[in-house]
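Bear in mind the structure is a predicted one, so any value in this text is a computation, not a measurement. For ligands, and for the atoms within them, numbers begin at 1 and follow the listed sequence. Counting begins at 1 with the first residue of the sequence.
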Amino acid sequence: MSANGSPAGQQPTATYDSAFLKACRREPVPHTPVWFMRQAGRSLPEYLKAREGIPMLESCTRPELVAEITLQPVRRHNVDAAIYYSDIVVPLKAIGIDLDIKPGVGPVVAHPIRTRADLAQLRGLTPDDVSYVTEAIGLLTAELGPTPLIGFAGAPFTLASYLVEGGPSRTYENAKAMMYGDPELWADLLDRLADITAAFLKVQIEAGASAVQLFDSWAGALAPADYRRSVLPASAKVFDAVAGYGVPRIHFGVGTGELLKLMGEAGADVVGVDYRVPLDEAARRVGPGKALQGNLDPTVLFAGKEAVETKAREVLDAAAGLEGHVFNLGHGVMPSTDPDVLTRLVEFVHTETAR
Ligand SMILES: Cc1c2[nH]c(c1CCC(=O)O)Cc1[nH]c(c(CCC(=O)O)c1C)Cc1[nH]c(c(CCC(=O)O)c1C)Cc1[nH]c(c(C)c1CCC(=O)O)C2
């Protein structure tokens with residue numbers, strides 16, 4: 001089943017014909033569609049109010065709250081897509097891994113995975129483990145009307161980085177030590193994570209998500225040869241597992257200029273680009289047959305209206321020759337961003353690109 005309860009691949013026409021899904025399919029669009037990674041979150045006062053006194057991971061298990069927070073940026077900014085309010089560690093928590101999200105820090109894992117015995121922590125994910133996701137997406141598709149909902153998950157490498165390190169890391173030394181030193185254990189870990197991730201994305205698509213994004217946020221720490229050998233097979237397994245639904249699959253990472261081609265080859269329909277590589281150059285690296293998403297530097301949003309418009313126009317100019325472009329930031333919205341700047345940016349992109 002897909003959006004509004006119709007079978008996957010046969011969404012309501014208005015959703016299927018939305019600018020966002022058309023751009024993902026590289027079809028002509030009435031305007032360049034816009035959404036923002038991390039649009040649902042700390043830059044919105046109404047988010048902070050809704051979350052008051054409720055820990056992050058608990059908030060992800062309350063369907064009505066999830067639906068409300070997912071809708072907040074859609075109401076406020078007129079973005080072309082909603083992203084499901086959750087976190088990349090939600091499916092890991094759901095299978096019983098002892099972890100938490102520490103405010104200002106990120107995910108912290110009580111018992112890091114370092115040995116073969118530690119893999120026992122990773123059982124498969126069933127839809128019943130995340131019934132709140134199915135419920136929340138049911139509420140959302142009813143409210144969203146034609147606006148597509150993007151489901152998402154963390155990619156195996158980025159999830160592994162938290163599980164092996166035990167928390168955020170700058171160097172990924174434990175994760176990479178396992179990758180180089182015990183490739184068999186590493187491959188087993190990533191394969192299990194691929195199965196969990198695929199199962200989690202399937203739940204979201206079957207409940208009504210119209211597109212999915214795989215966040216391999218930290219893959220930029222890897223050399224292309226290591227990515228190809230030790231990470232790409234697991235991410236490709238995830239993309240393959242959801243290929244049959246016919247919903248666009250987006251693949252994003254930070255600092256992945258050298259990996260863009262491989263990230264496309266993993267099975268993405270849309271490659272997310274951070275702000276370090278201009279979109280015309282990114283298109284050359286990715287090659288034909290894929291749409292691109294990105295890539296305004298999120299810190300530009302602090303630089304004043306003129307700078308925002310100049311830099312946004314630069315992104316649009318670089319994207320002018322692309323077959324499919326979804327406007328986004330090069331990484332997530334920073335918490336101290338003025339929400340009004342985001343609203344004006346959406347309007348600017350829509351006006352500038354109206355056809
Ligand atoms: C690496 C990663 C995580 N989570 C995510 C990623 C990949 C995206 C990226 O690269 O930014 C993905 C994510 N996390 C969240 C979303 C919601 C949807 C959206 O608006 O994009 C998404 C898509 C909510 C969240 N996830 C988190 C928050 C903030 C928690 C809060 O409000 O208390 C939100 C709204 C917490 C979180 N969760 C994580 C981090 C690093 C943090 C920040 C910790 C902090 O600085 O406080 C792990």
Task: R51, R42, K102, R38: member with heavy atom nearest to atom 40 (C) of ligand 1 - done: R38
Open item on the list: Using side-chain heavy atoms (C-beta onward) and a distance below 4.5 Å, is Y275 in contact with L329?
Closed with: no
Task: Element-labelled atoms of ligand 1 that are located less than 4.0 Å from some non-hydrogen atom of P103 - done: 47 (O)
Task: Shortest protein contact, atom 23 (C) of ligand 1 (heavy atom only) - done: F152 CZ, 3.4 Å
- [ ] Report yes or no: does W218 have a heavy atom closer than 4.0 Å to ligand 1?
- [x] yes
TODO: Measure across F157 and V231 and return the closest heavy-atom pair with its distance rounded to 0.1 Å.
DONE: CB-CG1, 3.7 Å
- [ ] Can you pull out the closest protein heavy atom to atom 36 (C) of ligand 1? Residue, atom name and distance to 0.1 Å, please.
- [x] I101 CG2, 3.6 Å
Open item on the list: Taking distance alone, with N or O pairs closer than 3.5 Å, would you say Y47 contacts ligand 1?
Closed with: yes
Task: Qualifying residues under ring pair (Phe, Tyr, Trp, His ring centres under 6.0 Å), relative to Y132, sequence neighbours excluded - done: none
TODO: Check if P107 has a non-hydrogen atom at a distance under 4.0 Å from any atom of ligand 1.
DONE: yes
TODO: Assess the side chains of H325 and T32: does a donor N or O sit below 3.5 Å from an acceptor N or O?
DONE: no
TODO: If you have a sec, work out which protein heavy atom is nearest atom 2 (C) of ligand 1 and how many Å separate them, to one decimal?
DONE: I88 CD1, 3.5 Å
Task: Close-contact set for ligand 1 against Y162 heavy atoms, below 4.0 Å - done: 1 (C), 41 (C), 48 (C)
Task: Ligand-side contact atoms (ligand 1) for residue partner Y84, heavy atom cut-off under 4.0 Å - done: 18 (C)
Open item on the list: Considering only residues two or more places apart or on different chains, which pairs with a residue in residues 279-292 satisfy salt bridge (Lys or Arg N to Asp or Glu O under 4.0 Å)?
Closed with: E281-R284, E281-R285
Task: Side-chain ion pair, D188 and R116, N-O less than 4.0 Å - done: yes
Task: Contact atoms of ligand 1, heavy-atom distance to G106 under 4.0 Å - done: 44 (C)
Open item on the list: Between the side chains of K311 and E314, is the shortest nitrogen-to-carboxylate-oxygen separation below 4.0 Å, so that they form an ion pair?
Closed with: yes
TODO: Before accepting this row, confirm whether a basic side-chain N of the pair R76/D340 lies closer than 4.0 Å to the acidic partner's carboxylate O.
DONE: yes
- [ ] Run the salt-bridge test on K22 and E27 with the 4.0 Å N-O cut-off and return the result as yes or no.
- [x] no
- [ ] Just go through S86, G41, S217 and tell me whose heavy atom is the nearest to atom 24 (C) of ligand 1.
- [x] S86
- [ ] Consider ligand 1: state whether an atom of it lies below 4.0 angstrom from any non-hydrogen atom of F36.
- [x] no
- [ ] Quick one: look at A40 and ligand 1, take heavy-atom pairs under 4.0 Å, and tell me if it's side chain, backbone, both or neither.
- [x] both
TODO: Would you please indicate yes or no on a ring centroid separation below 6.0 angstrom for F215 and F152?
DONE: yes
Open item on the list: With nothing but distance in play, are any N or O atoms of D87 less than 3.5 Å from an N or O of ligand 1?
Closed with: yes
Task: Presence of salt bridge, K237 and D195, under 4.0 angstrom - done: yes
Open item on the list: If you measure every N or O of H331 against every N or O of ligand 1, does any of those distances drop under 3.5 Å?
Closed with: yes
Open item on the list: Quick test of your reading of the model: are D240 and R249 salt-bridged, counting only N-O distances below 4.0 Å?
Closed with: no
- [ ] Return a yes/no value for G104: is any of its N or O atoms, backbone included, closer than 3.5 angstrom to an N or O of ligand 1?
- [x] yes
TODO: Would you mind checking which non-hydrogen protein atom is closest to atom 25 (C) of ligand 1, with the distance to 0.1 Å?
DONE: M56 CE, 3.3 Å
TODO: Give yes or no for whether the N/O distance cutoff of 3.5 Å, strictly under, is met between Y85 and ligand 1.
DONE: no
